[in-house]
Trainee: 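Provided herewith is a single structure, encoded as structure tokens, for subsequent inquiry.
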Amino acid sequence: MNADVAVENTSAIALWNDPTAPVSARVDALIDAMTLEEKTAQLFGVWVGASDEGGEVAPHQHEMEEPVDLDALLPPGLGQLTRPFGTVPVDPALGALSLARTQARIAATNRFGIPALAHDECLAGFAAWGATPYPVPLSWGATFDPALVREMAEAIGRDMRSVGVHQGLAPVLDVVRDARWGRVEETIGEDPYLVGTIGTAYVQGLESAGIVATLKHFAGYSASRAGRNLAPTSMGPRERADVLLPPFEMAIREGGARSVMNAYTDTDGIPSAADEALLTGLLRDTWDFDGTVVADYFAIAFLKTLHGVAADWADAAGTALRAGIDVELPNVKTYGAPLTEAVADGRVPEALVDRAVRRVLTQKVALGLLDPDWNPLPAALDATDEDDPSALRGRIDLDGPANRALARTLAEQAIVLLSNDGTLPLDRPRRIALIGPNADEPTAVLGCYSFPQHIGVRHPDTPLGIELPTLRETLAAEFPDTEITYARGTGVDDGDLSGLAEATRLAREADVTLVVLGDRAGLFGRGTSGEGCDVATLALPGAQQQLLDALLDVETPVVTVLLAGRPYALGRAVGESAAIVQSFFPGEEGTRAIAGVLAGRVNPSGRLPVSVPRGPGSQPGAYLGAPLAHASEVSSIDPTPAFAFGHGLSYTRFEWTDLAVEAQEAPTDGEFALSLTVCNTGERSGTEVVQLYLHDPVASVVQPVQRLIGYSRLALEPREARRLRITIPADLASFTGRDGRRVVEPGELELRLSASSADPRLTARVTLTGAERHVDHTRRLHATILQEQTT
């Protein structure tokens with residue numbers, strides 16, 4: 001169809017609206033009918049905020065963008081609506097009505113009746129007012145429990161779909177390389193296999209609920225120099241291939257993610273938004289990804305303003321489009337008039353626009369947005385609700401009992417007991433001295449992308465919309481017969497020492513002191529953890545270490561509790577605290593979970609997803625390092641952590657025995673089979689996490705000392721034992737060789753069955769035989785671990 005011919009209003013259904021026709025045919029017919037301006041209109045979003053009165057959304061005025069005129073913008077169509085629920089506080093039901101009315105207007109305004117795709121943040125829960133804030137991703141990693149994370153993600157996805165959202169900007173699959181980076185709380189951990197398996201589970205859950213999962217940040221964002229946000233990345237091709245890319249590869253191949261977001265960073269001079277080899281060559285041509293690539297906010301404009309690789313907006317648009325970015329977010333800057341003009345005058349081939357719009361429209365067709373029975377109202381609303389919007393307030397509950405129960409389970413499984421001299425669990429103490437800046441702070445459990453910390457802080461007169469009990473409150477409920485005295489001691493980062501005398505006095509008068517330290521989540525310097533909140537060292541913020549040391553000087557036993565977004569060096573506390581409880585922003589049920597661990601109602605089962613440093617300045621310090629990255633006699637800096645990746649204690653004991661290896665040798669295309677028995681030898685039920693590490697002593701390129709290749713959680717009753725049977729394909733020994741291809745080399749290997757990266761319990765020495773073998777993205781990614789009950 002000629003694009004200049006108007007679409008006729010006939011009784012016959014247009015091909016693009018026919019749900020019985022193949023998706024590709026529907027999309028091709030639509031593209032053939034569209035003008036250039038109508039095509040480019042599908043390639044950008046507009047940042048809006050839903051109305052708390054149920055009216056249409058209003059454009060969000062951002063300091064980095066000019067105001068948007070919706071009346072002028074909508075006639076050709078619109079690709080996306082940016083964060084309708086994550087921009088201002090809005091009642092969920094009224095926000096859903098507001099979004100539905102806007103979608104109806106968008107569809108009615110353009111010739112083809114195409115609505116926008118609505119996206120929002122869901123890093124640790126749907127980032128909407130009144131929605132459940134779950135534990136942050138670093139806590140997901142601490143659970144070592146993909147099934148639980150998938151269940152959480154499915155619940156998040158259902159909530160998003162219930163109000164009309166289609167796409168979620170999560171998960172973050174960046175692997176921690178330097179814990180000084182402010183966005184550590186948003187990551188899953190410092191090991192690519194853990195990040196990949198947990199992240200893939202999240203994708204599966206979100207996608208199963210009908211939400212388009214968006215993998216970010218592709219690729220290398222977390223490897224920035226000195227842990228600085230949006231800084232250049234120094235990494236070679238092997239680090240990128242073997243550490244940073246595998247989680248994305250797994251989430252696309254096994255998770256079915258339908259969207260990818262580029263990283264802001266540049267690697268060796270090439271910004272990710274301009275990297276055709278990455279966004280097209282690897283992502284699409286090699287990995288066969290067929291979804292959409294969306295720009296991280298303002299990333300296309302940054303090609304001109306920050307990276308200096310584009311001369312003007314049209315140049316930035318053409319560069320990003322050629323690289324493989326399909327959608328500009330959050331607002332239209334380069335993919336609107338600048339792109340249209342550049343295509344018209346021949347600077348940018350229209351075929352690149354067609355390629356991107358085909359991907360966008362394919363996704364919209366798959367979501368049912370072009371079907372004749374499409375209804376902008378989500379299932380939670382009906383047509384009569386438009387007559388009396390005020391009656392809708394409170395209709396939709398995004399924080400129901402099922403959500404809270406799930407949030408509590410995840411928080412409980414994520415708490416890591418770092419050390420314990422027997423003081424925990426507390427045995428009905430007469431008096432507890434509760435000290436610290438996070439002991440009586442409701443939002444101390446929330447990460448930077450939770451609604452209260454991300455948006456709510458700008459609306460101090462608006463209620464939180466959720467229940468956030470402080471640790472002081474939950475301890476009072478957990479220990480009803482105990483006197484709890486409280487002193488703040490100092491602030492999170494104000495450096496105030498005036499409260500130390502009161503804190504130490506209360507400690508001297510108590511049976512046990514609980515000191516609650518850590519972070520305040522925020523954005524761009526408004527917190528001590530979060531996006532743009534990078535730190536120079538891993539010393540506790542403010543005067544918290546001075547407070548901790550002053551309490552350790554008192555004879556009363558000190559239990560250190562951390563509510564934080566990253567691991568911190570704890571100084572004397574490592575050896576002198578009676579116990580240390582680590583929690584990474586555990587969400588709205590987090591303080592109840594911590595109180596349960598302190599009381600013994602909950603047996604801790606979390607394991608560290610990141611190493612806890614011994615000193616504040618030994619970064620980068622991830623366990624996943626080559627021999628030269630570890631302690632040596634030729635450097636005065638010892639990066640050995642105080643508590644290693646994978647570490648975590650329990651209130652019971654486990655014994656690992658009877659390792660059996662079926663064969664000591666296997667070909668490079670074969671597999672090994674191991675088995676062992678794990679028994680709970682204690683007096684109470686508990687969970688052990690068996691971790692499988694691979695050590696390759698001789699390889700053609702330098703390898704990490706060891707790397708995680710599998711794990712399994714075992715919940716065991718007292719005296720219960722289980723036999724683990726593990727099948728390990730040779731593919732898991734592969735790495736990027738000297739020629740840039742992934743290779744499995746013959747030679748000796750160690751398979752370490754460990755309680756942490758520093759605590760191997762049983763070791764199998766095996767040998768790969770035969771010829772060197774090259775593998776690709778279709779290789780096997782997992783060991784098979786089966787649990788069998790023993791008699």
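What you see is a predicted model; the values in this text were computed from it and never measured.
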Trainee: Give the C-alpha distance, both sets of side-chain angles, the deciding distance and a yes or no for side chain to side chain contact (heavy atoms under 4.5 Å, CB included) between Asp440 and Leu471.
Mentor: CA-CA 6 Å; Asp440 198 32; Leu471 187 55; over 6 Å; no
Trainee: Flag yes if more than 12 heavy atoms outside Glu748 fall under 6.0 Å of its CD atom; otherwise flag no.
Mentor: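 Atom CD in Glu748 is not packed in, count stays at 12 or less.
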Trainee: Is any side-chain heavy atom of Val558 closer than 4.5 Å to a side-chain heavy atom of Glu576?
Mentor: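 Counting from C-beta outward, Val558 and Glu576 never come under 4.5 Å.
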Trainee: Please report, to 0.1 Å, the donor-acceptor pairs under 3.5 Å made by any side chain of residues 636-646, with sequence neighbours excluded.
Mentor:
{"residue": "Asp638", "atom": "OD1", "partner": "Thr640", "partner atom": "N", "Å": "2.9"}
{"residue": "Asp638", "atom": "OD1", "partner": "Thr640", "partner atom": "OG1", "Å": "2.6"}

Trainee: Return yes if some donor-acceptor pair links the side-chain N/O of Ser635 with the main-chain N/O of Ser632 below 3.5 Å, else return no.
Mentor: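 A pair under 3.5 Å: no.
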Trainee: What salt bridge (charged side-chain N to carboxylate O under 4.0 Å, His left out) pairs are there with at least one residue in residues 585-606, not counting sequence neighbours?
Mentor: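 Salt bridge (charged side-chain N to carboxylate O under 4.0 Å, His left out) check on residues 585-606 returns Arg404-Glu588, Arg404-Glu589, Arg408-Glu589, Glu412-Arg601, Glu467-Arg592, Glu478-Arg601, Glu589-Arg592.
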Trainee: Mind checking what makes side-chain contact (heavy atoms from CB on, under 4.5 Å) contact with Asp553, not counting sequence neighbours?
Mentor: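 Once residues adjacent in sequence are excluded, the partners of Asp553 under the side-chain contact (heavy atoms from CB on, under 4.5 Å) criterion are Arg572.
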Trainee: Of all residues at least two apart in sequence or in a different chain, which pass the ring pair (Phe, Tyr, Trp, His ring centres under 6.0 Å) check with His695?
Mentor: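 So His695 forms no ring pair (Phe, Tyr, Trp, His ring centres under 6.0 Å) with any residue.
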Trainee: Using the ring pair (Phe, Tyr, Trp, His ring centres under 6.0 Å) criterion, which residues pair with Tyr202? Sequence neighbours excluded.
Mentor: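 With neighbours one apart ignored, the set is Trp140.
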Trainee: Restricting to pairs with a member in residues 641-651, which pass side-chain hydrogen bond (donor to acceptor under 3.5 Å, both in side chains), not counting sequence neighbours?
Mentor: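 side-chain hydrogen bond (donor to acceptor under 3.5 Å, both in side chains) check on residues 641-651 returns Asn603-Ser650.
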Trainee: How many angstroms lie between atom CG of Leu762 and atom CG of Leu674, to the nearest 0.5 angstrom?
Mentor: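 So the CG of Leu762 and the CG of Leu674 are separated by 10.0 Å.
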Trainee: If you measure from the Lys or Arg side-chain nitrogens to the Asp or Glu carboxylate oxygens, is any gap between Glu688 and Arg653 under 4.0 Å?
Mentor: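 No salt bridge links Glu688 with Arg653.
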Trainee: Could you list all the salt bridge (charged side-chain N to carboxylate O under 4.0 Å, His left out) pairs where at least one residue sits in residues 228-241, not counting sequence neighbours?
Mentor: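 Every pair satisfying salt bridge (charged side-chain N to carboxylate O under 4.0 Å, His left out) with a residue in residues 228-241: Arg177-Glu239, Arg240-Asp275.
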Trainee: Does any N or O in the side chain of Thr474 come within less than 3.5 Å of the main-chain N or O of Thr591, such that one atom is a donor and the other an acceptor?
Mentor: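 Yes; at least one donor-acceptor contact below 3.5 Å.
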Trainee: For Ser756 and Asp759, indicate whether the former's side chain and the latter's backbone hold a donor-acceptor pair under 3.5 Å.
Mentor: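 Checking the backbone N and O of Asp759 against the side chain of Ser756, a donor-acceptor pair under 3.5 Å is found.
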Trainee: Of all residues at least two apart in sequence or in a different chain, which pass the side-chain contact (heavy atoms from CB on, under 4.5 Å) check with Thr482?
Mentor: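 Counting only residues at least two positions away or on another chain, Thr482 forms a side-chain contact (heavy atoms from CB on, under 4.5 Å) with Pro429, Ile432, Phe479, Ile484.
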Trainee: Go through the side-chain N and O atoms of Tyr623 and Asp191 and say whether any donor and acceptor fall under 3.5 Å apart.
Mentor: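 Yes, because at least one side-chain N or O of Tyr623 sits under 3.5 Å from a partner of the opposite role on Asp191.
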Trainee: Going through the distances and angles, do Val561 and Leu517 end up as a side chain to side chain contact (heavy atoms under 4.5 Å, CB included)?
Mentor: CA-CA 6 Å; Val561 178; Leu517 308 172; over 6 Å; no
Trainee: Do the charged groups of Arg488 and Asp494 touch, with an N to O distance under 4.0 Å?
Mentor: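 Answer for the salt bridge query: yes.
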Trainee: Please name all residues satisfying side-chain hydrogen bond (donor to acceptor under 3.5 Å, both in side chains) with Glu750, sequence neighbours left out, ordered by chain then number.
Mentor: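 Testing Glu750 for side-chain hydrogen bond (donor to acceptor under 3.5 Å, both in side chains), a comparison that skips the adjacent residues, returns Arg752.
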Trainee: Can you sort out the partners of Cys533 under side-chain contact (heavy atoms from CB on, under 4.5 Å), two or more places apart, ordered by chain and number?
Mentor: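 Applying side-chain contact (heavy atoms from CB on, under 4.5 Å) to Cys533 gives none.
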Trainee: Could you list the residues that satisfy ring pair (Phe, Tyr, Trp, His ring centres under 6.0 Å) with Tyr568, not counting sequence neighbours?
Mentor: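 For Tyr568, no residue satisfies ring pair (Phe, Tyr, Trp, His ring centres under 6.0 Å) once neighbours in sequence are set aside.
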Trainee: Name all residues meeting the side-chain hydrogen bond (donor to acceptor under 3.5 Å, both in side chains) criterion together with Glu655; count only those two or more places apart in sequence or in a different chain, and write none if there are none.
Mentor: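 Residues passing side-chain hydrogen bond (donor to acceptor under 3.5 Å, both in side chains) with Glu655: none at all.
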